[in-house]
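What follows is one structure encoded as structure tokens, with my remarks underneath.
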Amino acid sequence: MEQLPDLVARRGSITQRAVAWAIGQLRREHATVHSLARQLDTSWKTVWRAVEPELVKSAADESRFENVTTLGVDEHIWHHVDPRKHGPKELTGMVDLSRDDHGTTRARLLDLVPGRSGKAYASWLADRGDAFRKNVQVAALDPFAGYKTAIDDKLEDATAVLDAFHVVKVRHEALCVRMGVRDPCRLVVAAAGLKLRAA
């Protein structure tokens with residue numbers, strides 16, 4: 001039997017082109033493996049068996065940590081069920097927020113590590129090595145003291161800044177409190193009413 005590894009991996013069930021498409025959908029379109037299986041008219045296990053080795057290979061590629069000058073960190077809630085069955089609920093995510101030559105932010109997810117703590121972030125930074133840490137000039141974070149402590153300990157030369165999302169969120173919450181609005185979704189209505197009263 002003839003093997004064509006450029007077309008289909010050995011013992012593979014879907015083509016390399018379909019695998020590349022599936023990984024692109026997972027990365028850029030926030031697709032789930034279940035939705036990809038439905039679109040490819042196959043099973044979840046078939047898609048995952050083809051995609052997982054490529055994702056493991058990408059995760060082992062250290063070149064993604066090169067030229068990171070602006071680093072972002074935030075927590076991510078992975079699931080809301082029993083962690084004994086499904087692993088840790090909370091993860092710490094690191095994102096490359098560096099700009100390219102055209103001034104466009106890369107916004108690439110670099111890594112996810114279990115736990116939401118300064119210790120998890122500090123350990124990840126320590127694992128990256130001196131060259132990586134010295135290259136980081138700006139460290140964006142949410143208003144969590146653990147992440148700030150990790151930045152102060154491991155990224156002494158970087159400027160710590162609050163990320164844009166949390167600046168807007170804190171401002172929004174403060175405005176809700178000042179206007180006496182409990183439901184953030186009613187803020188627009190309350191703001192419109194305030195504007196009318198001011199006129």
Side-chain angles (χ1 to χ4, degrees), residues 23 26-32 52 55-179 181-185 187:
I23 290 172
L26 288 169
R27 285 184 175 158
R28 290 183 294 277
E29 304 299 329
H30 311 292
T32 63
E52 185 186 22
L55 295 177
V56 168
K57 196 187 303 178
S58 295
D61 182 11
E62 294 284 319
S63 66
R64 71 183 185 279
F65 300 123
E66 294 173 2
N67 303 318
V68 176
T69 57
T70 304
L71 180 66
V73 63
D74 202 357
E75 83 280 356
H76 178 73
I77 305 301
W78 190 249
H79 61 80
H80 297 280
V81 292
D82 188 350
R84 291 172 295 184
K85 292 182 181 177
H86 298 279
K89 289 183 180 185
E90 298 171 328
L91 301 171
T92 295
M94 281 61 68
V95 181
D96 178 10
L97 299 173
S98 308
R99 294 184 181 273
D100 63 16
D101 296 336
H102 305 290
T104 305
T105 304
R106 290 189 194 133
R108 301 181 297 134
L109 177 65
L110 294 172
D111 216 345
L112 285 169
V113 294
R116 178 193 180 255
S117 66
K119 185 178 178 183
Y121 188 35
S123 297
W124 184 85
L125 287 169
D127 291 344
R128 298 288 68 81
D130 286 337
F132 174 86
R133 291 193 302 273
K134 286 183 179 171
N135 200 41
V136 176
Q137 299 165 8
V138 177
L141 69 154
D142 69 358
F144 173 54
Y147 293 155
K148 179 67 167 79
T149 302
I151 289 169
D152 291 343
D153 290 347
K154 302 293 180 186
L155 300 173
E156 303 96 357
D157 299 331
T159 302
V161 297
L162 197 62
D163 67 58
F165 170 80
H166 287 93
V167 168
V168 172
K169 183 179 178 217
V170 168
R171 181 175 174 263
H172 176 79
E173 289 170 353
L175 190 57
C176 285
V177 169
R178 184 163 181 207
M179 296 173 67
V181 178
R182 289 186 185 207
D183 180 7
C185 296
L187 179 62

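The structure displayed is predicted, hence computed values, not measured ones.
Side-chain contact check for Thr70 versus Thr105: every heavy-atom pair is 4.5 Å or farther apart.
Annotation: side-chain hydrogen bond (donor to acceptor under 3.5 Å, both in side chains) contacts of Asp111 (sequence neighbours excluded): Trp124. Partners of Ala31 according to the side-chain contact (heavy atoms from CB on, under 4.5 Å) rule, which considers only residues two or more places apart in sequence or in another chain, are Gln25, Ser35, Leu36. By the side-chain hydrogen bond (donor to acceptor under 3.5 Å, both in side chains) test, Arg84 pairs with Asp82, sequence neighbours left out.
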Side-chain polar contacts of residues 136-148 - donor-acceptor pairs under 3.5 angstrom, sequence neighbours left out - could you list them?
unit_1 : atom_1 : unit_2 : atom_2 : d
Tyr147 : OH     : Thr92  : OG1    : 3.0
Lys148 : NZ     : Asp152 : OD1    : 2.8
Lys148 : NZ     : Asp152 : OD2    : 3.1

Under 3.5 Å, which donor-acceptor pairs link side chains of residues 112-122 to any protein atom two or more places apart or in another chain?
unit_1 : atom_1 : unit_2 : atom_2 : d
Ser117 : OG     : Ala120 : N      : 3.0

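The heavy-atom pair separating Leu110 from Val68 by the smallest distance is CD1-CG2, 4.2 Å. Contact record, Glu66 with Arg108: O-NH2, 4.4 Å, taken as the closest heavy-atom pair. Minimum interatomic distance between Arg133 and Leu125 (heavy atoms only, all atoms of both residues): NH1-O, 2.9 Å.
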| After noting the C-alpha distance and the side-chain angles of Arg128 and Glu62, does the key distance pass the side chain to side chain contact (heavy atoms under 4.5 Å, CB included) rule? | CA-CA 9 Å; Arg128 298 288 68 81; Glu62 294 284 319; 4.0 Å; yes

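The local environment of CZ in Arg64 is crowded, with over 12 non-hydrogen atoms from other residues, nucleotides or ligands closer than 6.0 Å.
Pairs engaging residues 89-113 under the ring pair (Phe, Tyr, Trp, His ring centres under 6.0 Å) rule: none recorded [sequence neighbours left out].
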